[in-house]
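This chain uses plain numbering: 1 for the first residue, then up along the sequence. Note that the coordinates shown come from a computational prediction; the quantities given were computed from them, not determined experimentally.
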Amino acid sequence: MSPRPEPPPQHVCAAFGARGVQPELVDGGPAWVCGEVVLKPVTNPAEAAWIAQTLDTLKLPDLRLARPLRSTDGRWVVAGWSATRLLEGRPEPRHDEVVAVSLRLHAATAGLPRPRFVDARRDVFSLADRVAWGEEDQPLAMDRGGRLFEMLAALRRPIGLDPQVVHGDLFGNVLFHGDGPPAVIDFTPYWRPAEWAAAVVVVDSLAWGGADPGLVERWASLSYWPQVLLRALLFRLAVNAMHPRATPESLEGLQRTYHVVHPLL
């Protein structure tokens with residue numbers, strides 16, 4: 001069992017306008033709610049500042065966005081913590097709607113410049129992303145997804161799509177609240193085609209969200225759909241093979257997804 005994350009210090013809560021509020025852990029962490037403020041620990045200050053500055057001015061018709069908050073002295077990051085405004089809603093298994101949110105969001109982010117920090121990231125998810133696209137080699141545990149990865153990697157073909165800034169982890173990070181617009185939280189930037197981000201939602205929904213197999217066919221009109229689905233599945237297989245907390249259940253979900261996706265390849 002992972003140790004319980006440390007809560008934000010009171011001076012951090014106060015800096016973001018939540019003085020005297022007791023932090024409450026959200027779904028096992030790492031985020032904490034302090035009244036109307038959500039605080040998250042920052043591992044990459046440059047990335048956190050870029051996300052905050054970008055989302056602060058991004059226009060999103062028909063979507064809510066977890067807008068970043070400045071501290072009382074104007075900073076985006078205080079003592080290793082960043083903050084956003086708390087949004088109402090919860091994730092729901094509305095998988096097609098999340099794919100649609102992905103496409104609307106990435107129409108809005110299409111013109112953003114490539115973030116400089118993307119190439120320097122060395123976390124498991126960034127490495128797995130590069131491995132999935134054949135840009136880097138990393139050792140993959142064969143019994144945790146590496147064997148299936150090697151088999152599928154041979155099916156990669158060139159993709160004629162332009163990369164852009166995308167949220168690469170929308171599954172579980174779109175909130176629904178009644179009939180209101182969906183809300184996007186925890187923006188995780190990647191430099192990939194918008195179609196790939198939609199494909200990651202589909203793969204995650206099939207593997208761990210209980211989505212029906214028809215989800216794959218319903219979005220088949222997206223450009224290079226079989227190949228972006230393949231890259232998304234390779235990405236998640238590489239994460240599973242490299243992540244120290246990967247479980248047999250997570251691999252089983254990806255194996256089920258393989259049987260749905262494979263006929264398209």
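Judged by distance alone, with hydrogens and angles left aside, the side-chain atoms of Ser205 form no donor-acceptor pair with the main-chain N or O of Gly209 at under 3.5 Å. Side chain of Arg144 to main chain of His243: a donor-acceptor pair is present (N/O by atom type, distance under 3.5 Å, no hydrogens or angles). The backbone N or O of Leu60 lies less than 3.5 Å from no partner atom in the side chain of Arg104, so there is not a single donor-acceptor pair. A donor-acceptor contact shorter than 3.5 Å links the side chain of Arg67 to the backbone of Leu55. For Gln227 (side chain) and Arg157 (main-chain N/O), a donor-acceptor pair under 3.5 Å exists by modelled atom type. In this structure, Thr257 contributes its side chain and Ala207 its backbone to a donor-acceptor pair below 3.5 Å. Judged by distance alone, with hydrogens and angles left aside, the side-chain atoms of Trp225 form a donor-acceptor pair with the main-chain N or O of Val216 at under 3.5 Å.
A search for salt bridge (charged side-chain N to carboxylate O under 4.0 Å, His left out) contacts involving Arg121 returns Glu47, not counting sequence neighbours. Scanning for side-chain contact (heavy atoms from CB on, under 4.5 Å) contacts around Ala197 gives Ser102, His106, Val166, with sequence neighbours left out. Here Val42 pairs with Pro45, Ala48, Val77, Ser82 under the side-chain contact (heavy atoms from CB on, under 4.5 Å) rule; sequence neighbours left out.
Taking every heavy atom of both residues into account, Pro139 and Met242 meet most closely at O-CG, 4.1 Å. Across all non-hydrogen atoms, the minimal contact from Pro91 to Gly172 is CG-O, 3.5 Å. For the pair Pro68 and Ala52, the tightest heavy-atom approach, listed with the atom from each and the gap, is CG-O, 3.2 Å. Nearest heavy-atom pair, Arg70 versus Gly74, reported as atom, atom and distance to 0.1 Å: NH1-O, 2.8 Å. Looking at every heavy atom in both residues, Pro41 comes nearest to Pro30 through CD-O, 3.3 Å. Shown here for Ala66 and Thr84, the closest heavy-atom pair between the two residues is O-CG2, 3.7 Å.
Proximity of Val174 to Arg94: side-chain heavy atoms (C-beta onward) are nowhere separated by under 4.5 Å. Side-chain contact check for Leu155 versus Leu152: some heavy-atom pair is nearer than 4.5 Å. Using a 4.5 Å cut-off on side-chain heavy atoms (C-beta onward), Val184 and Leu170 make contact. Within the 4.5 Å cutoff, the side chain of Asn240 has no heavy atoms near those of the Leu140 side chain. His95 has its side chain within reach of Pro93: a pair of non-hydrogen atoms, C-beta onward, lies under 4.5 Å apart. Here the side chains of Leu112 and Trp191 are not in contact, with every heavy-atom distance at 4.5 Å or above.
Taking a 4.5 Å side-chain heavy-atom cut-off between Ile, Leu, Val, Met, Phe, Trp and Tyr, the cluster of Leu87 extends to Leu175, Ile185. The hydrophobic cluster around Leu39 extends to Val12, Phe16, Leu25, Trp32, Val37, Leu69, Val78, Trp81, counting ILVMFWY residues whose side-chain heavy atoms fall within less than 4.5 Å of a member.
For the atom pair His11 NE2 and Ser71 OG, the distance stands at 10.5 Å (nearest 0.5 Å). Between atom CG of residue Leu105 and atom CG of residue Leu58 there is a gap of 7.0 Å, rounded to the nearest 0.5 Å.
Hydrophobic clustering (side-chain heavy atoms under 4.5 Å, transitive across Ile, Leu, Val, Met, Phe, Trp, Tyr) keeps Trp76 apart from Phe117. Hydrophobic clustering keeps Val26 apart from Phe171 (ILVMFWY residues linked when any side-chain heavy atoms are closer than 4.5 Å, directly or through intermediates). In this structure, Val21 is not a member of the same hydrophobic cluster as Val33, with clusters built from ILVMFWY side-chain heavy atoms closer than 4.5 Å. There is a path of hydrophobic side-chain contacts, each under 4.5 Å, that joins Leu264 to Val99. There is no path of hydrophobic side-chain contacts, each under 4.5 Å, that joins Val38 to Leu65.
Results of the side chain to side chain contact (heavy atoms under 4.5 Å, CB included) test with Leu254 over Leu206, Val239, Val203 single out Val203 as the only residue that passes.
Contacts classified as ring pair (Phe, Tyr, Trp, His ring centres under 6.0 Å) and involving residues 138-170 (residues at least two apart or in different chains) are given here: His167-Phe187. Under the salt bridge (charged side-chain N to carboxylate O under 4.0 Å, His left out) criterion, the residue pairs touching residues 123-133 are Asp129-Arg192, Arg130-Glu136, with sequence neighbours excluded. Residues in residues 223-237 take part in these salt bridge (charged side-chain N to carboxylate O under 4.0 Å, His left out) pairs, two or more places apart or across chains: Asp169-Arg236, Asp204-Arg236. Listed by first and then second residue, the side-chain hydrogen bond (donor to acceptor under 3.5 Å, both in side chains) pairs involving residues 173-188 are Lys40-Asp186, Glu88-His177 (not counting sequence neighbours). Identified under the ring pair (Phe, Tyr, Trp, His ring centres under 6.0 Å) test for residues 51-73, with sequence neighbours left out: none. Residue pairs satisfying the salt bridge (charged side-chain N to carboxylate O under 4.0 Å, His left out) criterion with at least one member in residues 251-261, sequence neighbours excluded, are absent. Pairs of residues two or more places apart, or lying in two chains, that qualify as salt bridge (charged side-chain N to carboxylate O under 4.0 Å, His left out) and include a residue from residues 205-217 are Asp212-Arg218.
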Handout entry: Chi angles and distances behind the side chain to side chain contact (heavy atoms under 4.5 Å, CB included) call for Asp56, Gln53
Key = CA-CA 5 Å; Asp56 188 44; Gln53 292 165 359; 5.8 Å; no

Exercise for the section: Tell me, with the steps shown, if Trp219 and Leu103 meet side chain to side chain contact (heavy atoms under 4.5 Å, CB included). Expected result: CA-CA 11 Å; Trp219 295 96; Leu103 297 176; 3.6 Å; yes

Exercise for the section: List the steps, then state whether side chain to side chain contact (heavy atoms under 4.5 Å, CB included) holds for Trp50 with Val165. Expected result: CA-CA 12 Å; Trp50 182 92; Val165 171; 3.7 Å; yes

Practice task
List the steps, then state whether side chain to side chain contact (heavy atoms under 4.5 Å, CB included) holds for Glu195 with Tyr224.
Solution key: CA-CA 8 Å; Glu195 292 83 353; Tyr224 292 89; over 6 Å; no

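The neighbour count for Glu24 CD, taken as heavy atoms of other residues, nucleotides or ligands under 6.0 Å away, does not exceed 12. Few gaps surround CD on Gln138; more than 12 heavy atoms of other groups in view lie less than 6.0 Å from it. More than 12 heavy atoms of other shown residues, nucleotides or ligands fall within 6.0 angstrom of atom CG in Asp73.
Note: Tyr190 and Phe235 have perpendicular aromatic rings, judged against thresholds of 30 and 60 degrees for the angle between ring planes.
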